[in-house]
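In what follows, a single structure is set out as structure tokens and then discussed.
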Number of protein chains: 2
Amino acid sequence: MRDHGGHAGVADACRPITDILTRVGDKWSVMVVMLLGNGTKRFNEMRRLIGGISQRMLTLTLRGLERDGLVTRTVFPTVPPRVDYALTDLGRSLLIPISALGAWAYGHRDAIDAARLAFDARADAGAAPDSQAS
Amino acid sequence: MRDHGGHAGVADACRPITDILTRVGDKWSVMVVMLLGNGTKRFNEMRRLIGGISQRMLTLTLRGLERDGLVTRTVFPTVPPRVDYALTDLGRSLLIPISALGAWAYGHRDAIDAARLAFDARADAGAAPDSQAS
DNA sequence: CAGTATCCGGTCGGATACTG
DNA sequence: CAGTATCCGACCGGATACTG
């Protein structure tokens, strides 16, 4: 807050929010949170349920969520080892707005898809006014 | 839908949603949509208001939003040229869930920050049990 | 004013191999 | 089972220069 003269714009004020939105927006976080919304899960269980996520990314995603206080990680010192992941209260509270966002996305997927097709068609028409497709 | 035998998991079914969430999650889209929620804006006007966004990224962000049918782009063939950006009905409808998400992020930023500090402290303690800070 | 084009470093994220 | 470590290609995003 020391540059009254400058005008950094809203980007500055929004940094904390943008920061958190980045978490929400990354490829797997939302899916993991939604999955844990159904209850506690183990590592490879989630891996199977999600399908298509690499081991590495599941680890990193869970670490990020744990760091943000959204997920708890519980290790059972058995052999073979067992680790349970669950949402914290904070994580559960996040479930509400992201479900709303997910519902919006699902509800408008057709409109968005149509808009994309139309846009791409316009772009193609502009780039290649000739009726030949490449 | 061709592998009934396999088990791709939810990742497959969620692809359209993930896809849209990726838009929402990228660095500038949400900020731009929120800004346009206040009314029509011109290109450099937004650039100034946001502060910290490069010309390139503002263009790409707006193109993406336009492609998804969330914003309209209106060119006035004057000199110097003038281009107005505004939300579509679809864009305005998105404003609701992302405002909710933004409110959540803002409301819980302290809890998240605290969680991060605690996590990092634990990580440091684990990595360097010695009382020396690097 | 409102872009486009190009370069380039940093990060994301998958594949693979190894470990307790 | 639940990770960690490493490699590596793809893409994100800023800086800069140029254009109608």
Side-chain angles (χ1 to χ4, degrees), chain A residues 8-9 11-12 14-15 18-19 21-32 35-36 40-67 71-86 122-123 126-127, chain B residues 8-9 11-12 14-15 18-19 21-32 35-36 40-67 71-86 122-123 126-127:
Chain A
D12 221 36
C14 293
R15 210 197 49 226
T18 297
D19 186 28
L21 258 44
T22 298
R23 274 245 146 290
V24 170
D26 76 38
K27 206 174 178 184
W28 303 108
S29 290
V30 168
M31 217 179 303
V32 166
L35 206 64
L36 289 178
T40 300
K41 300 270 179 298
R42 296 177 57 177
F43 188 87
N44 278 341
E45 186 181 3
M46 303 184 66
R47 193 150 145 59
R48 275 190 305 273
L49 284 170
I50 292 177
I53 189 172
S54 65
Q55 193 171 32
R56 174 185 142 88
M57 285 321 295
L58 183 53
T59 301
L60 289 179
T61 300
L62 286 168
R63 282 286 181 287
L65 293 171
E66 189 194 356
R67 186 172 110 99
V71 164
T72 57
R73 176 173 179 272
T74 312
V75 182
F76 299 89
T78 58
V79 31
R82 167 198 180 128
V83 181
D84 280 2
Y85 290 93
R122 272 198 307 277
Chain B
D12 220 38
C14 292
R15 211 197 49 227
T18 297
D19 186 29
L21 258 43
T22 298
R23 276 247 143 286
V24 171
D26 77 37
K27 205 174 177 184
W28 304 107
S29 290
V30 168
M31 217 179 304
V32 166
L35 205 65
L36 289 177
T40 299
K41 300 269 178 298
R42 296 177 57 179
F43 188 86
N44 278 341
E45 186 181 2
M46 302 184 67
R47 192 149 145 60
R48 276 189 304 276
L49 284 170
I50 293 177
I53 189 171
S54 65
Q55 194 172 31
R56 174 186 141 87
M57 285 322 295
L58 183 53
T59 301
L60 289 179
T61 300
L62 287 167
R63 282 287 182 285
L65 294 171
E66 189 195 356
R67 186 171 109 99
V71 312
T72 57
R73 176 173 180 270
T74 312
V75 182
F76 299 89
T78 59
V79 31
R82 167 198 180 128
V83 181
D84 281 2
Y85 290 93
R122 272 198 307 275

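Everything quoted here is computed from the prediction, not taken from an experiment. Residue numbers start from 1 in every chain, and the chains themselves are labelled A, B, ... in the order their sequence lines are given, proteins ahead of strands.
- Nucleotide C:dT11 holds its C1' atom 14 Å from the CZ atom of A:Arg23, rounded to whole Å.
- Scanning both residues, B:Tyr85 and B:Leu36, for their nearest heavy atoms gives O-CD2, 3.4 Å.
- Toward the 5' end of DNA chain C, the nearer of the two residues A:Lys27 and A:Pro81, judged by each one's closest nucleotide, is A:Lys27.
- Looking at heavy atoms from C-beta onward, B:Ile50 lies in side-chain contact with B:Val32 at the 4.5 angstrom threshold.
- Here the straight-line distance linking atom OG1 of A:Thr40 with atom CD of A:Glu45 works out to 9.5 Å at 0.5 Å rounding.
- Following rounding to the nearest Å, A:Leu58 (CG) and C:dG13 (C1') show an atom-to-atom distance of 13 Å.
- At a threshold of 4.5 Å between non-hydrogen side-chain atoms, the residues A:Trp28 and A:Leu58 do not count as touching.
- The heavy-atom pair separating A:Arg73 from A:Val75 by the smallest distance is NH1-CG2, 3.6 Å.
- Both key distances under 3.5 Å define a Watson-Crick or G-U pair, and stretches of 3 or more such consecutive pairs in DNA chain D run C:1-20 with D:1-20.
- If you walk DNA chain D from 5' to 3' and mark each nucleotide with an atom closer than 4.0 Å to a heavy atom of chain B, the marks span D:dG13 to D:dG20.
- As judged by a 4.0 angstrom heavy-atom cut-off over every strand, A:Arg56 is placed among the base-contacting residues.
- A distance of 10.5 Å separates CG of A:Asn44 from CG of A:Leu49, quoted to the nearest 0.5 Å.
- Looking at heavy atoms from C-beta onward, B:Phe43 lies in side-chain contact with B:Leu62 at the 4.5 angstrom threshold.
- No contact: A:Arg47 has no heavy atom under 4.0 Å from any strand.
- Residue-level contact check: B:Phe76 touches neither bases nor backbone, having no heavy atom under 4.0 Å from any strand.
- Annotation: side chain of A:Leu60 is in contact with side chain of A:Met57 (closest heavy-atom distance under 4.5 Å).
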